[in-house]
K.L.:
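Following this message is one structure expressed as C-alpha cells.
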Amino acid sequence: MQSIKLRFGIIGNSPKLERAISIALQVAPTDLAVLITGESGVGKERFPQIIHQYSARKHGAYIAVNCGAIPEGTIDSELFGHEKGSFTGASDARKGYFEVVNGGTIFLDEVAEMPLSTQARLLRVLETGEFIRVGSSKPQKTNVRVVAATNVNLQEAITNGKFREDLFYRLNTVPIEVPPLRERKEDVLLLFRKFASDFADKFKIPPIHLDPEAENILKSYRWPGNVRQLKNITEQISIIESERLIDAKILLQFLPADAGKSDLPILFRERKPSTSESFERELIYGFLGDLKHDVTELKHLVAEIISSGGAVNLDNKHKGAILNKLIKIDDDLIHETGENSPYNLNEFEETIDEYPYEEASTIHADDSLSIEKKERDLILKALNKHNGKRKYAAIDLGISERTLYRKIKEYNIE
C-alpha cells in the first residue's frame with residue numbers, strides 16, 4: 001500500500017482512503033467498467049491511473065478526457081471521430097479517442113456533463129464495443145477499458161432526466177468512493193507539510209510551519225474544496241507571508257470568516273420558501289384578490305337591478321357585462337382548481353333574475369338561485385333570437401364564440 005501511495009503521489013493514512021485504493025487494486029486485473037465518485041478536489045484522477053497501471057493494459061494507451069470541458073457540439077467528434085465533410089470545418093477524417101486508445105484505458109472525467117445523445121453512443125460502446133464516426137454509417141470495433149468519474153449525484157441526475165439510468169448501471173459495475181478531506185482529519189497535517197515542502201523547493205524559500213493552535217484550526221476546518229483548496233492555501237501562505245512560523249491569527253486570514261468556529265453539527269433552522277414558491281404564492285393571492293373583486297362587482301350589479309323596482313330592461317351591453325363577469329369567475333376557478341373544483345357557484349348570496357324583468361324585483365323563495373341556470377337561459381335566448389347562429393349570439397351576449405361553444409357543450413344545449 002505504501003509503495004502505491006508513493007508511486008502515484010497519494011498522501012494519507014485514512015482507512016476510507018486506503019479502502020478506495022484497495023478496491024482499485026482488486027478491480028484492476030479485470031476489464032470491468034469502474035465509476036469513481038467523490039467531491040471536487042479529492043483526487044479522483046489518481047485512481048484510473050492505478051487501475052490502468054495494474055491491469056493487463058498497462059502497456060497500452062491511457063488517455064484522460066474531461067467531458068465538461070468539451071463543447072456539446074464537438075464532443076461526439078472528439079470521442080468517436082468524424083468523416084471528411086461530415087460538418088462545417090471537417091476538412092479531413094479524424095480518429096476519435098475510442099479509436100486511438102484501442103487496447104488501452106480511457107478515463108472519462110465529469111461524465112455527468114456528457115450530453116444525452118453522447119451518453120447513448122457511450123452505452124453502445126460499453127455493451128457491444130462498437131461505435132460510429134460522426135458522418136459515417138459504418139460501425140467500427142474498439143477494445144477499450146472505461147473508467148468514469150463524477151462529483152455529481154447520478155441518482156438525482158437520473159431523476160432530473162440529465163443522465164441515462166441504463167448507462168449508470170453499465171458504468172457502476174464497480175463503484176469507488178473517494179472520501180472528502182473532512183472525513184480524513186488525520187491526513188490534513190500530512191498534506192499541509194508535503195505541500196509546504198514542495199513549494200519551498202519550487203520557490204527556493206524555507207518551508208512554513210504551523211503552531212499548535214493553527215494546526216487545530218486546520219484540522220477542524222471543513223475544507224469544502226478538499227485537497228485542492230488545502231494546496232492552494234498552502235501555496236498562498238508560502239509566497240505571501242514572510243514569517244515561516246504560522247500562528248492562528250495569520251492562518252485565519254487565508255480561510256473563510258467561519259473557519260475558526262467549531263466543526264459541530266449545524267443547528268436546524270426553519271426553511272425559508274424558495275423564490276419559485278414565493279412567486280407561486282403571490283400568484284394565488286393575486287387570483288383570490290381578483291376573484292373577490294369580481295364577486296363584489298357582480299353583487300353591485302345585482303343590487304342595482306333589485307333596487308330599480310318594477311320591470312328592468314337591460315340592453316345587450318349590460319347583459320353581456322353581467323354574463324362576462326359570470327363566465328370570467330367560472331373560467332378562473334376552472335383554471336386555478338381544475339374541473340373538479342370544490343367551489344360551488346350556487347353559494348353566491350345574490351343572483352341575477354331572468355331578463356327582462358316583468359315583475360317587481362322581489363326574489364321569491366321558490367325562484368331558482370342557480371347562476372348556472374340563469375347563464376344557460378341567457379344563452380338559450382340568444383341562440384333562439386338568432387336562429388341558432390353562434391357567431392351572432394356570441395356578439396349579442398358580449399362573449400367570444402369560443403367561450404360560447406364551450407358553454408353550449410358544458411350545458412348540453414342542443
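Residue numbers run from 1 in the order of the sequence given.
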K.L.:
Going by salt bridge (Lys or Arg N to Asp or Glu O under 4.0 Å), Arg94 matches just one of Glu83, Glu99, Glu78. Which one?
P.N.:
Glu78

K.L.:
Assess whether side-chain contact (heavy atoms from CB on, under 4.5 Å) is satisfied between Glu241 and Ile208, documenting all intermediate values.
P.N.:
CA-CA 9 Å; Glu241 294 299 321; Ile208 57 174; 5.8 Å; no

K.L.:
Using modelled atom types only, decide if a donor and an acceptor are shared between the side chain of Asn226 and the backbone of Ser40 within a distance under 3.5 Å.
P.N.:
yes

K.L.:
Using 4.0 Å as the upper bound for N to carboxylate O, is an ion pair formed by Lys5 and Glu18?
P.N.:
yes

K.L.:
Taking atom CZ of Arg7 as the centre, report whether more than 12 heavy atoms of other residues, nucleotides or ligands fall under 6.0 Å from it.
P.N.:
yes

K.L.:
Considering only heavy atoms from C-beta outward, does the side chain of Glu186 approach that of Pro15 to under 4.5 Å?
P.N.:
yes

K.L.:
Could you walk me through whether Phe195 and Val227 pass the side-chain contact (heavy atoms from CB on, under 4.5 Å) check?
P.N.:
CA-CA 10 Å; Phe195 295 148; Val227 178; 3.7 Å; yes

K.L.:
Evaluate the criterion side-chain contact (heavy atoms from CB on, under 4.5 Å) for residue pair Ile408 and Leu404; output intermediate values, then yes/no.
P.N.:
CA-CA 6 Å; Ile408 290 172; Leu404 177 60; 3.9 Å; yes

K.L.:
Are the charged groups of Lys391 and Glu401 less than 4.0 angstrom apart, N to O?
P.N.:
no

K.L.:
Are Val34 and Arg145 close enough that some pair of their side-chain heavy atoms sits under 4.5 Å apart?
P.N.:
yes

K.L.:
Start with the C-alpha gap between Lys95 and Arg133, add the side-chain angles, then the distance that decides, and say whether side-chain contact (heavy atoms from CB on, under 4.5 Å) holds.
P.N.:
CA-CA 8 Å; Lys95 291 183 178 181; Arg133 285 184 179 183; 3.5 Å; yes

K.L.:
Flag yes if more than 12 heavy atoms outside Glu72 fall under 6.0 Å of its CD atom; otherwise flag no.
P.N.:
no

K.L.:
Using the side chain to side chain donor-acceptor pair (under 3.5 Å) rule, take Ser77 and Thr74 through it: C-alpha gap first, then chi angles, then the decisive distance, then the call.
P.N.:
CA-CA 5 Å; Ser77 172; Thr74 61; over 6 Å; no

K.L.:
Using a 4.5 Å cut-off on heavy atoms from C-beta on, say whether the side chain of Leu79 contacts that of Arg121.
P.N.:
no

K.L.:
Indicate yes or no: at least one non-hydrogen side-chain atom of Lys407 is less than 4.5 angstrom from one of Glu410.
P.N.:
yes

K.L.:
Decide yes or no for Ile21 and Phe47: does some side-chain heavy atom of the first lie under 4.5 Å from some side-chain heavy atom of the second?
P.N.:
yes

K.L.:
In sequence, state the C-alpha distance, the side-chain angles, and the governing distance for Arg57 and Asp31, and then conclude on salt bridge (Lys or Arg N to Asp or Glu O under 4.0 Å).
P.N.:
CA-CA 9 Å; Arg57 299 171 180 268; Asp31 265 343; 2.9 Å; yes

K.L.:
Is it true that atom CZ of Phe87 has more than 12 heavy atoms of other residues, nucleotides or ligands lying nearer than 6.0 Å?
P.N.:
yes

K.L.:
Determine whether more than 12 heavy atoms belonging to other residues, nucleotides or ligands lie under 6.0 Å from atom OH of Tyr392.
P.N.:
no

K.L.:
Show your working on side chain to side chain donor-acceptor pair (under 3.5 Å) between Thr159 and Gln155 and close with a plain yes or no.
P.N.:
CA-CA 6 Å; Thr159 302; Gln155 294 288 1; 5.9 Å; no

K.L.:
Could Lys381 and Asp377 be called an ion pair, given the rule that one side-chain N must be under 4.0 Å from one carboxylate O?
P.N.:
no

K.L.:
How about Lys249: does its NZ atom have over 12 heavy atoms from other parts shown lying under 6.0 Å from it?
P.N.:
no

